[in-house]
A.B. asks: 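A single structure is presented below for examination.
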Amino acid sequence: MLQDTTEILSAIVARVRSADPVNSRSWFDELAVLDFSGGLLEIGCPDAVKAQFLQDHCQATFTQSALSVTGHLVTVHFAVAGKPSAPRKVAEPPFKLHPDYTFDNFVVGPCNRLAHASCVAVSHALGSTYNPLFLYGSVGLGKTHLLHAICHEVLRGNQAAAIQFLSCESFMNRFISAIEQGTVAEFQRQLRTVDLLIIDDIQFLREREQSQEEFFHTFNALYNNHKQIILTADSSPSDLSVEDRLISRFKWGLVARLDPPGYETRVAIVQKKAGLRGLAISDEIAQFVARQVQTNIRELEGALTILYATANTTGQPLTLAVAQQALGHAQPETQRHITITHIIAAVTGYYNLRAADLQSKRRSQSIALPRQICMYLARNLTRHSLEEIGGHLGGRDHSTVLHACEKITQLIESDPAIRSQLAELTDRIQQAS
Ligand code: ADP
Ligand code: MG
């Protein structure tokens, strides 16, 4: 895990060196981070000539590398060390692009062929193919992945493309705080001057009349200027509980449904995900995993994480027998009933805590880490939403749960002790359920 900005910068420089050897210079080692906040990474250079060189020749590679290293879309700026750049543009709120969520890493099958093709088409011709593009399907079928892939593709073609990528929730939150702070005009300008507006999980607009009204006008402004709008939801436009005038607009462009993947597609996804994590997995095991988990791709990934943890802890090669043992032989998804209660019981037993500790506000590491492990396990082993998981663990919000899942995922990769704790916990939970 990258701890501080120095490490982040060295990782970025290492990537730039391999991606762009022609422009690489030995003095790249002298670069330093002047500031990294609000989506802006300001890199200090030994002198003005060097700063100019980087600006002219290496901007794109640095931006791309910063994206891969941090997982964030950051604006890279070069300045002379010690002299932070003059007028600092107020950065738009950064959105986070997952480096793995690309078109290359998206497995296409009959279940998602239309959605995938329309996303590729739109990313190459914003505003002129399908507008709006409306993707829908139940949770874990790849909607958010496709949205990130579109952004990666658009930015690959044009670093300067103006994109706003918002969850429906952050759209509503930003709107509300704009009202409170009297900055509605600025909020409107930010959303209406983009090339591409993406709102993920638009179903959450239900019962939010003022937000619907605002979104209606945003939609019209963009649409009339031939700017691209992409929306996702958990159900088709007609089934959403929003104003009719929005429903009719959602159908103006292309509506594409994502279905649960069939067996062959699931096998291919397991192989793809294993490959991304550097986990060697035989066809036999990929098929086994694909039979165990049938509906939600996020759960497929959870199963892989368990295998990964098991293989690393036991040090044994990953055979079918080991996989069956780890995932619970003859206990396909439909028969297992893991609940949050099972998970909390296992975690409190293992770390010698009380459930009340996990639900408390206490943040000491001895409680915070088990709490985050609980969130991670609940996310991977049950079907509860982030909100529900947060609710069980002391009323925490979904972003806290998401953060915990990301943190534990990273720890599993970097910390053998955590890996073995998770393997042991998973085992106990499966036996108890
Ligand atoms: P949704 O937004 O529809 O709930 P996500 O986009 O978050 O689903 O997908 C859940 C997980 O499944 C992600 O890790 C994503 O990479 C993965 N996934 C979904 N569909 C595919 C696919 N066709 N190929 C590869 N990975 C997929
Ligand atoms: Mg999603």
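Bear in mind that the values here come from a model prediction, so they are computed numbers and not experimental data. Remember, it's 1-based here, ligands and their atoms both numbered in the order they're listed.
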A.B. asks: Measuring from atom OH of Tyr376 to atom CG of Leu422, what distance do you get when rounded to the nearest 0.5 angstrom?
C.D. replies: 6.5 Å
A.B. asks: Report yes if some N/O of Val108 lies less than 3.5 Å from some N/O of ligand 1; otherwise report no.
C.D. replies: no
A.B. asks: Are any of the N/O atoms on Leu141, whether in the backbone or the side chain, positioned under 3.5 angstrom from an N/O atom of ligand 1?
C.D. replies: yes
A.B. asks: Taking the Mg ion (ligand 2) as the centre, how many protein N/O/S atoms fall inside a distance shorter than 2.8 Å?
C.D. replies: 1
A.B. asks: Considering only NZ, NE, NH1 and NH2 on the basic side and carboxylate oxygens on the acidic side, decide whether Arg362 and Asp357 come within less than 4.0 Å.
C.D. replies: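 Answer for the salt bridge query: yes.
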A.B. asks: Identify, by atom number and element, the atoms of ligand 1 in contact range of Val139, meaning under 4.0 Å from any of its heavy atoms.
C.D. replies: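 So the atoms of ligand 1 that pass are 4 (O).
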A.B. asks: Between Arg419 and Glu424, is there a side-chain N and carboxylate O pair less than 4.0 Å apart?
C.D. replies: no
A.B. asks: Please confirm whether Val107 comes within less than 3.5 Å of ligand 1 when only nitrogen or oxygen atoms on both sides are compared.
C.D. replies: yes
A.B. asks: Could Glu301 and Arg298 be called an ion pair, given the rule that one side-chain N must be under 4.0 Å from one carboxylate O?
C.D. replies: no
A.B. asks: Which of these, Thr102, Leu300, Ile297, Ile269, has its nearest heavy atom closest to atom 17 (C) of ligand 1?
C.D. replies: Ile297
A.B. asks: Which option, Lys273, His145, Arg298, owns the non-hydrogen atom nearest atom 7 (O) of ligand 1?
C.D. replies: Arg298
A.B. asks: One thing to verify: whether Arg291 and Glu284 come together as a salt bridge, which I'm taking to mean a side-chain N less than 4.0 angstrom from a carboxylate O.
C.D. replies: no
A.B. asks: Flag Gly142 as yes when one of its N or O atoms lies below 3.5 Å from any N or O atom of ligand 1, and as no otherwise.
C.D. replies: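 Yes, since at least one N or O of Gly142 sits under 3.5 Å from an N or O of ligand 1.
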